[in-house]
Each structure stands twice: as structure tokens, then as C-alpha cells.
Amino acid sequence: ERFGIIGSIDRMIIEKSMLMQSRLRKEGRHISFGMNLSGKDLGDDDLLSFLKTKMAETGADPDKLVFEITETAAIGDLDRAIKFIKALKTIGCHFALDDFGVGFTSFTYLREMQVDYIKIDGSFIRKLNVSPNDQVFVKAITDVAKGLKIKSIAEFVENKETLELLNTFGVDFAQGYLIGKPAPPEAAFPTEKLTRTPVSRV
């Protein structure tokens with residue numbers, strides 16, 4: 001971001017993800033891909049055109065593409081974020097609010113942004129199994145998300161006790177070392193057999 005090259009990096013990741021998702025789709029494996037975007041992308045009017053072009057070129061399924069941006073970046077320019085999210089959803093993509101819970105105005109603006117997913121920040125998940133305060137907070141986020149028909153994803157799930165609590169709270173998905181560790185694409189998505197995915201339904 002500091003040197004003005006983040007837009008090019010984001011586009012490279014998007015194209016690679018679309019190519020892999022398209023390949024897996026042709027093999028009969030319909031897998032969703034989540035991609036982090038820089039807050040700078042909120043102001044990039046050419047990004048939507050780029051996405052449409054690459055979808056046509058690669059044959060990627062927009063319904064299986066989830067774009068993520070941090071809550072703080074979205075709240076920092078709410079009007080632009082709302083416009084950007086709606087534009088993505090118009091072409092069939094989905095949107096996730098990353099690091100959810102770190103901003104004061106989370107619940108105030110959540111309804112306005114109409115996101116598909118919220119990713120509960122890992123700072124509330126790491127000690128969930130031993131922290132009653134974090135349990136209250138995560139349960140509250142989950143209840144609000146369900147009321148707004150938004151899917152919830154818990155980050156940094158590293159033990160079975162935490163996973164069991166998330167299941168009790170009604171969190172939809174879990175992500176973390178308990179589910180699977182980062183790996184090169186060829187290891188996570190081998191040609192012959194899918195061994196694991198980085199995000200798992202709770």
C-alpha cells in the first residue's frame with residue numbers, strides 16, 4: 001500500500017484464485033475462495049471491470065468468490081464501501097467483513113453494508129475456551145449476524161474445546177490451525193483428491 005503496488009498484487013491474487021477455482025469446478029469440485037482486498041480497492045473504479053473480464057476469461061463462478069476487507073477499512077469510508085459491496089454482489093460475488101469486532105461502530109453499520117459473511121476477529125477466539133467475556137461477545141456477534149441473515153466465520157480456531165463452543169453458539173464456519181494449516185495450492189488442492197479446505201463448517 002505504501003508504494004502504490006497493492007492494486008497489482010490484489011489483481012494477481014484474484015486472477016490466480018479464479019483460475020484455480022475454475023479448474024476445480026471442471027473437476028466437479030465446487031469450492032469457495034476467499035480473497036483479502038486492500039482498503040485502497042474501495043476507491044478503484046476499474047476493479048469491477050477487471051473482475052468481470054477475468055471471470056469471462058477464466059470461467060470462474062462468481063457465486064464461489066468471496067472478497068474480504070477489514071472492518072476498519074470499510075467503516076473508514078462507509079459510503080464507498082457500501083457502493084463497492086453492492087457492485088460486487090450485483091455480478092454475483094459475495095462479500096465478507098474481516099476482523100469483525102475491532103471497531104466501535106460494528107453493529108451500527110453492519111446492517112447498512114449488507115455483507116454476506118463476518119469473520120469474527122481472532123482476538124476474541126484465541127482464549128474463547130477460558131474467557132467468559134470473550135464467550136459473551138462472540139455469542140452476541142453470532143446472534144446479531146443470524147438476525148441479519150449473515151453467515152459467521154470464527155478465525156484462529158486452534159483447539160477442540162473452542163470448536164465445540166462455537167458450535168454451541170451457532171457460528172457457521174471455523175478457520176484456523178485445528179481445521180488446516182496454510183499450504184501451497186498444489187498441497188491443499190491436489191489434482192486427484194481434495195485433502196482439506198482452510199475453512200470448515202462448524
Side-chain angles (χ1 to χ4, degrees), residues 1-2 4-18 21 31-56 58 60-125 137-156 169-175 198-199:
E1 289 185 345
R2 180 182 300 175
I5 60 173
I6 191 66
S8 297
I9 293 173
D10 282 348
R11 281 167 169 73
M12 179 183 66
I13 297 300
I14 289 170
E15 184 172 6
K16 286 180 177 289
S17 297
M18 285 186 178
Q21 190 247 43
I31 298 172
S32 293
F33 277 71
M35 292 160 277
N36 293 94
L37 293 176
S38 164
K40 301 287 186 181
D41 286 317
L42 290 176
D44 189 345
D45 294 331
D46 294 330
L47 182 60
L48 188 62
S49 176
F50 173 84
L51 290 171
K52 290 179 179 178
T53 299
K54 290 304 174 183
M55 281 181 205
T58 62
D61 180 4
D63 187 53
K64 298 296 183 182
L65 299 175
V66 183
F67 293 94
E68 304 176 11
I69 198 162
T70 63
E71 177 194 15
T72 49
I75 291 174
D77 195 336
L78 185 63
D79 290 338
R80 186 172 287 178
I82 291 173
K83 180 181 178 182
F84 183 76
I85 293 168
K86 288 182 177 179
L88 283 177
K89 296 183 72 170
T90 296
I91 61 175
C93 300
H94 298 280
F95 196 88
L97 205 57
D98 201 5
D99 298 339
F100 187 81
V102 297
F104 268 176
T105 50
S106 303
F107 293 136
T108 305
Y109 295 121
L110 187 58
R111 179 185 57 194
E112 306 299 325
M113 284 188 275
Q114 299 180 14
V115 299
D116 301 289
Y117 302 89
I118 55 171
K119 300 185 73 174
I120 304 171
D121 189 69
S123 61
F124 303 107
I125 304 298
F137 194 84
V138 171
K139 179 68 165 58
I141 291 177
T142 306
D143 288 344
V144 170
K146 285 189 178 299
L148 295 174
K149 295 181 171 54
I150 298 171
K151 298 290 186 182
S152 54
I153 303 171
E155 301 178 312
F156 289 90
F169 295 160
V171 174
D172 296 293
F173 298 95
Q175 176 180 337
V199 178

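Fair warning: this is a prediction, and the values are worked out from it, not measured in the lab.
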Review point. Is it true that a side-chain atom of Asp41 and a backbone atom of Ser38 form a donor plus acceptor pair closer than 3.5 Å?
Key: yes

Point to revise | Reported CG-to-CZ distance for the pair Leu88 and Phe95, which is rounded to 0.5 angstrom | key: 6.5 Å

Review point. Going by heavy atoms in the side chains, are Leu97 and Leu110 under 4.5 Å from each other?
Key: yes

Practice item. Flag the pair Leu47 / Ile14 as yes when at least one side-chain heavy-atom distance between them is below 4.5 Å, and no otherwise. Key: yes

**Study point:** Atom pair CD1/CD of Ile125 and Glu155 - distance to nearest 0.5 Å
**Key:** 8.0 Å

Practice item. Check for a donor-acceptor pair, side chain of Lys40 on one end and backbone N or O of Ile6 on the other, with a separation under 3.5 Å. Key: no

Point to revise | Nearest heavy-atom neighbours spanning Asn36 and Asp98 | key: ND2-OD2, 3.1 Å

Practice item. Quick one: closest heavy-atom pair of Phe33 and Ser17, and the distance? Key: CD2-CB, 4.2 Å

Check your understanding: Does a side-chain heavy-atom distance below 4.5 Å link Leu48 with Lys52?
Key -> yes

Point to revise | Phe124 CZ to Phe100 CZ distance, which is reported to the nearest 0.5 Å | key: 9.5 Å

Check your understanding: Hey, is Lys139 close enough to Asp143 for a salt bridge, meaning N to O under 4.0 Å?
Key -> yes

Practice item. Check whether any side-chain heavy atom of Phe84 sits under 4.5 Å from a side-chain heavy atom of Asp44, and report yes or no. Key: no

Point to revise | Sub-4.5 Å side-chain heavy-atom contact between Ile118 and Glu71 | key: no

Review point. How close do Met55 and Cys93 get, heavy atom to heavy atom, and via which atoms?
Key: CE-SG, 3.1 Å

Exercise for review: Check the angle between the aromatic planes of Tyr117 and His94 and answer parallel, tilted or perpendicular using the 30° and 60° thresholds.
Suggested key: perpendicular

Study note, to complete from the structure: For Ile69 and Ala74, the nearest pair of non-hydrogen atoms, with its separation, is CG2-CB, 4.4 Å

**Study point:** 4.5 Å side-chain heavy-atom contact, Pro62 and Ile91
**Key:** no

Exercise for review: List the steps and the verdict of salt bridge (charged side-chain N to carboxylate O under 4.0 Å, His left out) for Glu15 and Lys54.
Suggested key: CA-CA 7 Å; Glu15 184 172 6; Lys54 290 304 174 183; 3.3 Å; yes

**Study point:** Non-hydrogen side-chain atoms of Met18 and Leu51 separated by less than 4.5 Å
**Key:** yes

Check your understanding: Measuring from Ile82:CD1 to Glu112:CD, what's the distance to the nearest 0.5 Å?
Key -> 5.5 Å

**Study point:** Reported CE-to-CD1 distance for the pair Met12 and Ile5, which is rounded to 0.5 angstrom
**Key:** 9.5 Å

Practice item. Step by step, work out the side-chain contact (heavy atoms from CB on, under 4.5 Å) result for Asp116 and Lys89. Key: CA-CA 9 Å; Asp116 301 289; Lys89 296 183 72 170; 3.4 Å; yes

Check your understanding: Is it true that a side-chain atom of Asp172 and a backbone atom of Ser152 form a donor plus acceptor pair closer than 3.5 Å?
Key -> yes

Review point. Is the shortest heavy-atom distance from the side chain of Phe67 to the side chain of Met35 under 4.5 Å?
Key: yes

**Study point:** Within 6.0 Å of NZ in Lys151, more than 12 heavy atoms from elsewhere
**Key:** no

**Study point:** Between CD1 on residue Ile120 and CG on residue Asp99, distance to nearest 0.5 Å
**Key:** 12.0 Å

